[in-house]
There are 2 protein chains.
Amino acid sequence: MQDLRPIERKKLSETVMQQLQTLISSGRYQPGDRLPTEKALAEAFGVSRMSIREALSGLAAAGLIEIRHGEGSFVKRVEITDYLSPITASALGFPHTALALLEVRSILEAGAAELAALRATAEDHAELAAAAADYRAQTERGETGIDGDLRFHRAIARAAGNPVLTELMNRIQDLMEQGMAYTLGQNLKTPERSQQVAAEHDAIAEAIRGGDPVAARAAMIRHLTGVRNKLLRSMNEAATGKEKTQDA
Amino acid sequence: MQDLRPIERKKLSETVMQQLQTLISSGRYQPGDRLPTEKALAEAFGVSRMSIREALSGLAAAGLIEIRHGEGSFVKRVEITDYLSPITASALGFPHTALALLEVRSILEAGAAELAALRATAEDHAELAAAAADYRAQTERGETGIDGDLRFHRAIARAAGNPVLTELMNRIQDLMEQGMAYTLGQNLKTPERSQQVAAEHDAIAEAIRGGDPVAARAAMIRHLTGVRNKLLRSMNEAATGKEKTQDA
DNA sequence: ATGCTACTGTTGTCAGACAACCAGATGACC
DNA sequence: GGTCATCTGGTTGTCTGACAACAGTAGCAT
């Protein structure tokens, strides 16, 4: 007695569906293309039109195609980033500390910097430089530089060339932006620190431009460690300033 | 003029599906209950059996019911935690999407391994070892080891000691697990590969136990690079090779 | 040119039939 | 009495053929 697992017994429509899905996800049919008619598919697969219809409606339920009455079935474009929100919402939705969130952000940013060093296009490099300059200008003008900072980090996320990563980082950055503004106000941004941040930005952009993933990661980690230390100090001040902290 | 949007024109099966869904989610039919037969539903709704069938298969695709040949349709117990829209699963059929998600997962797992090496408790170490042994036992028994693998990676996520990171990783692992099952079946798991994976798991656990974050990160990256290569090969086979059928 | 009509091709729905399958009942055999 | 094969009824899976609903187009009459 070899393996005596329950015998694979699949419905015809499921088999058809898998085959069609393979054709679609392999690019044989591009978004916007029209699939053959149900009749043609039925003949090609050697099954009845009914099985084809079940397979097609399955694909439609999965969002891969759109069936239009009287016209035909058309391949849809499906972007996973459009459907990531349930994931991020449930992961980032429940109570968390700013430190934990920053740690996750650091992991992602370090990875993104690494990838950016390998993949950034000329366009990305230009945007990185512009964003870094933007931040420097804003802070030297006495502003908080919050926009420039965000722009810089978004540019890195984009330069990493991974849409999922970009989406995830954007969510976290939004969340932190809100959290910071709400809990700590602007006291994270002091002139001395701003100058240092600008230099760190430059170092990161430089490493990415040099195509050195190790250096880029290291520079990013240096940067975010600085952010973390500043955050720690601010939280400490806030705690001692108002009332005695109790953290162990 | 009133609203003159395109008239609502719904397929019969969709209407039926909505009604049935209401009945189920309202508790009129409890998990485990058997729905009326297709024939009975057809008479009750006043439509043909075919429309009923399409509605039922839609509900099955959504995971609300389970259709058993020769028995009937049964309401499934739906766990909100592991519920994913079929769309997200099907999106992973696209190679670039699957690779992008795996890349994000790699970044997170590498960071988690690093943190775990610094923070893991005795309890965490025990769970890591147990999970690694679990995986090895499962694969040697001829199973896919999917449970053991998941358990191992969950243990790392947990050992990193960052709730946000843990939650995020769990979500992404679920997503990949289900997406892979949906699109590629089990052919990711071969005996030779399983042996290698088990060794890689050991190496990771070893590095974490040794409190060496650099080694832990490196071991994890080695592991996930292997996963990536296997994934690439599988997707390639699926796209090119294995059509046993047609074209004359 | 404009608007109506008819036509063609496609998907949506229907009806009936049979095959595949499951569960329980029946009956034969030891 | 217990065990097993077989029968039977009910259910889902698939096939076939037909017609309705819909979209697009060509042709026609005005």
What string of B, S and - do you get for nucleotides 3-13 of chain C, 5' to 3', if B is base contact, S is sugar-phosphate-only contact and - is no contact with any protein heavy atom under 4.0 Å?
------BBBBB
Show your working on side chain to side chain donor-acceptor pair (under 3.5 Å) between B:Glu14 and B:Gln19 and close with a plain yes or no.
CA-CA 9 Å; B:Glu14 290 184 18; B:Gln19 302 234 14; over 6 Å; no
Could you tell me if B:Arg151 sits above the aromatic ring of B:Tyr135, with its cationic atom closer than 6.0 Å to the ring centre and no more than 45 degrees from the axis?
no
Give every residue pair that meets the salt bridge (Lys or Arg N to Asp or Glu O under 4.0 Å) criterion with at least one member in residues 52-63 of chain A, sequence neighbours excluded.
A:Glu38-A:Arg53, A:Arg53-B:Glu54, A:Glu54-B:Arg53
Going through the distances and angles, do B:Leu20 and B:Ile52 end up as a side-chain contact (heavy atoms from CB on, under 4.5 Å)?
CA-CA 10 Å; B:Leu20 287 177; B:Ile52 298 292; 5.7 Å; no
Tell me: CD1 of A:Ile52 to C1' of D:dG17, nearest whole Å?
17 Å
Any side-chain to backbone donor/acceptor pair from B:Asp202 onto B:Ala199? Under 3.5 Å, distance only.
no
